[in-house]
Amino acid sequence: FYLRRKKDSETDSKEDMKAQEQQPQKEIFVTRDTQGDKGTKLQLEHLVFLKKCVDHLKEKGKDGEADFLVLQQQLILVLVEYLKKHHEATGLNFSDVFSSHVKHLNLLAMDSIRVKNEQNAVKYISKCIDMVNLKDASSYVTPPQLHSALKVLTYNNLSIIYKEVGKLQLALKAVNHAIALEEKLVAEGYGDAAQSIVATHLNRSAILSELKKHDKSIESVQKGLEYLKRAEDKQPKNQTTREEDRNHFQNLSIMANYNLAVEHEHLNQKEKALQFYERALEFAKELPSPEMKSKCEAAIAKLSR
């Protein structure tokens, strides 16, 4: 990978420009084994320089986003090759760089699908899939569960994109893969997996509903509610639950009960549907959630006629 200094035609003289063109390009990563300790040091210096370029582009925000993503990906690929050869500290946190890149791509993918830009959504999520399945990368992400969590994020988002473009069977396959990975993270007590798996099950429920598998959809919501109860029970009893966590639990409860109501309505089970709409409304009243409150009230009014 080569990086040239951008020439300023207004300030550089023709002689300077000619001299620069005659100079050899700087090689960011030297791979010759014959370089020895000197070569290793040179490689490391170039890695640090590449990281500085990435950080500079990151500071430019949207203006430098395309170049930032390309250069950050290149940094990850080069870091993997370096670590495979030398097995030593680089002074760069591979886990941070890798995690940042995958999360950023996922965010861009979901932003794109929200505005119905399917082409960009597919482009970004494809890059995510390539990255989380990059050979040897998982060996350098610590803790190992972080790599699994990034896979969960990616495959869950992939399922959402598949659902939006009407590829429901592929959506179901992707979300099932995400849940299988996430269940292991929950069992290991990693991060907020005990909470995030609830949303993953709700996503699976929505896909099953689109497939007209309403009984299976209900089972998936109920499974999500089981995980939600466990997560709530694990909250420390000797201190007040953080408002942020409490609101998150409430929002998940609203969505779960609303989804249950919708599925029972699909099955023409009016009484059960009303029961879950009313329960969702109770949770919605406890939060500044006017949209969900209105949706629940409208559904209740419709079924009460």
Side-chain angles (χ1 to χ4, degrees), residues 102-103 105-133 138 145 147-188 190-231 251-269 272-273 276 280:
V102 173
K103 287 179 180 178
L105 287 171
N106 268 285
L107 182 62
L108 291 173
M110 299 315 291
D111 284 346
S112 297
I113 203 65
R114 268 190 283 272
V115 297
K116 307 299 181 183
N117 189 336
E118 296 174 2
Q119 184 176 355
N120 272 354
V122 170
K123 178 181 74 173
Y124 289 125
I125 203 67
S126 297
K127 289 179 181 293
C128 289
I129 296 293
D130 289 343
M131 194 54 62
V132 296
N133 290 299
S138 60
Q145 292 92 336
H147 190 265
S148 295
L150 293 170
K151 273 193 168 185
V152 170
L153 173 67
T154 299
Y155 280 97
N156 192 33
N157 286 343
L158 174 64
S159 73
I160 292 170
I161 292 171
Y162 272 141
K163 176 177 174 288
E164 289 298 313
V165 299
K167 297 183 178 181
L168 298 176
Q169 291 295 343
L170 289 174
L172 184 60
K173 184 177 180 180
V175 78
N176 284 343
H177 183 54
I179 287 174
L181 292 169
E182 204 162 19
E183 284 175 342
K184 293 178 182 178
L185 294 177
V186 173
E188 294 171 2
Y190 177 75
D192 63 354
Q195 294 181 33
S196 63
I197 196 171
V198 180
T200 312
H201 270 290
L202 294 183
N203 177 34
R204 183 174 184 270
S205 165
I207 295 167
L208 288 165
S209 182
E210 291 280 336
L211 288 165
K212 311 300 181 187
K213 298 181 178 181
H214 302 298
D215 287 325
K216 292 289 185 182
S217 178
I218 288 171
E219 288 177 13
S220 195
V221 179
Q222 290 172 337
K223 189 71 175 177
L225 284 171
E226 288 175 18
Y227 278 111
L228 181 59
K229 187 177 186 307
R230 283 187 231 168
N251 277 314
L252 289 172
S253 296
I254 293 170
M255 295 307 302
N257 282 283
Y258 187 87
N259 283 11
L260 283 173
V262 170
E263 297 312 305
H264 282 295
E265 193 173 355
H266 279 303
L267 295 170
N268 295 314
Q269 297 171 348
K272 284 189 175 181
F276 287 112

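Note that this is a predicted model, so its numbers are computed, not measured. Worth knowing before you read on, the calculation uses all heavy atoms, side chains too, and leaves out hydrogens, waters and symmetry mates.
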query: Quick one: are Val152 and Ile179 in side-chain contact, heavy atoms under 4.5 Å?
result: no

- prompt: Distance-only, no hydrogens or angles: does the Ser205 side chain make a donor-acceptor pair with backbone N or O of His201 under 3.5 Å?
  reply: no

- prompt: Would Asn203 and Ser159 count as having a side-chain donor-acceptor pair, cut-off 3.5 Å?
  reply: yes

field: Residue pair Lys184 / Ser148, side-chain heavy-atom distance below 4.5 Å
entry: no

- prompt: What are the two closest non-hydrogen atoms of Asn259 and Val221, and how far apart are they?
  reply: CB-CG2, 4.1 Å

query: If we only count heavy atoms from C-beta on, is the Gln222 to Ile218 side-chain gap below 4.5 Å?
result: yes

- prompt: If you look at every heavy atom in Ile129 and Leu158, which pair is closest and at what distance?
  reply: CD1-CD2, 3.9 Å

- prompt: Which heavy atom of Ala193 sits nearest a heavy atom of Leu185, and at what distance?
  reply: CB-CB, 3.8 Å

field: Modelled atom types, side-chain donor and acceptor of Glu263 and Ser209, under 3.5 Å
entry: yes

Rounded distance (nearest 0.5 Å) linking atom NZ of Lys103 with atom CG of Leu153: 8.0 Å

query: Parallel, tilted or perpendicular for His177 and Tyr155, by the 30°/60° rule?
result: perpendicular

- prompt: Minimum heavy-atom separation for Leu260 to Phe276, with atom names?
  reply: CD1-CE2, 3.6 Å

message: On a heavy-atom basis, which atom in Ser253 and which in Leu228 lie closest, and how many Å separate them?
response: OG-CD2, 3.4 Å

field: Distance in Å, Met131 CE paired with Ser126 OG, rounded so as to fall on 0.5 Å steps
entry: 12.5 Å

- line: To the nearest 0.5 Å, atom CD1 of Ile207 lies from atom OG of Ser220 at 9.0 Å

- request: Decide yes or no on side chain to side chain contact (heavy atoms under 4.5 Å, CB included) for Leu267 and Asp215, but give the supporting numbers first.
  value: CA-CA 8 Å; Leu267 295 170; Asp215 287 325; 3.4 Å; yes

task: Could you tell me which non-hydrogen atom of Ile197 sits nearest to which non-hydrogen atom of Tyr227, and how far apart they are?
output: CG2-CG, 3.5 Å

field: Donor-acceptor under 3.5 Å (Asn117 side chain, Asn120 main chain)
entry: yes

- prompt: To the nearest 0.5 Å, what is the distance between CZ (Arg204) and CG (Asn176)?
  reply: 4.5 Å

query: Does Glu265 come within less than 4.0 Å of Lys272, counting only side-chain N to carboxylate O?
result: no

message: If you define the side chain from C-beta out and look only at heavy atoms, does anything of Lys116 sit under 4.5 Å from Glu164?
response: yes

- request: For the residue pair Met255 and Asn251, establish whether any side-chain heavy-atom pair is separated by less than 4.5 Å.
  value: no

message: In the structure I gave you, are the side-chain heavy atoms of Lys151 and Asn133 within less than 4.5 Å of one another anywhere?
response: yes

task: Report yes if some heavy atom in the side chain of Asn157 is under 4.5 Å from a heavy atom in the side chain of Cys128; otherwise report no.
output: no

- prompt: Mind checking whether Leu211 and Leu172 have side chains closer than 4.5 Å, heavy atoms only?
  reply: yes

message: Heavy-atom count check: over 12 atoms from other residues, nucleotides or ligands less than 6.0 Å from Lys127 NZ?
response: no

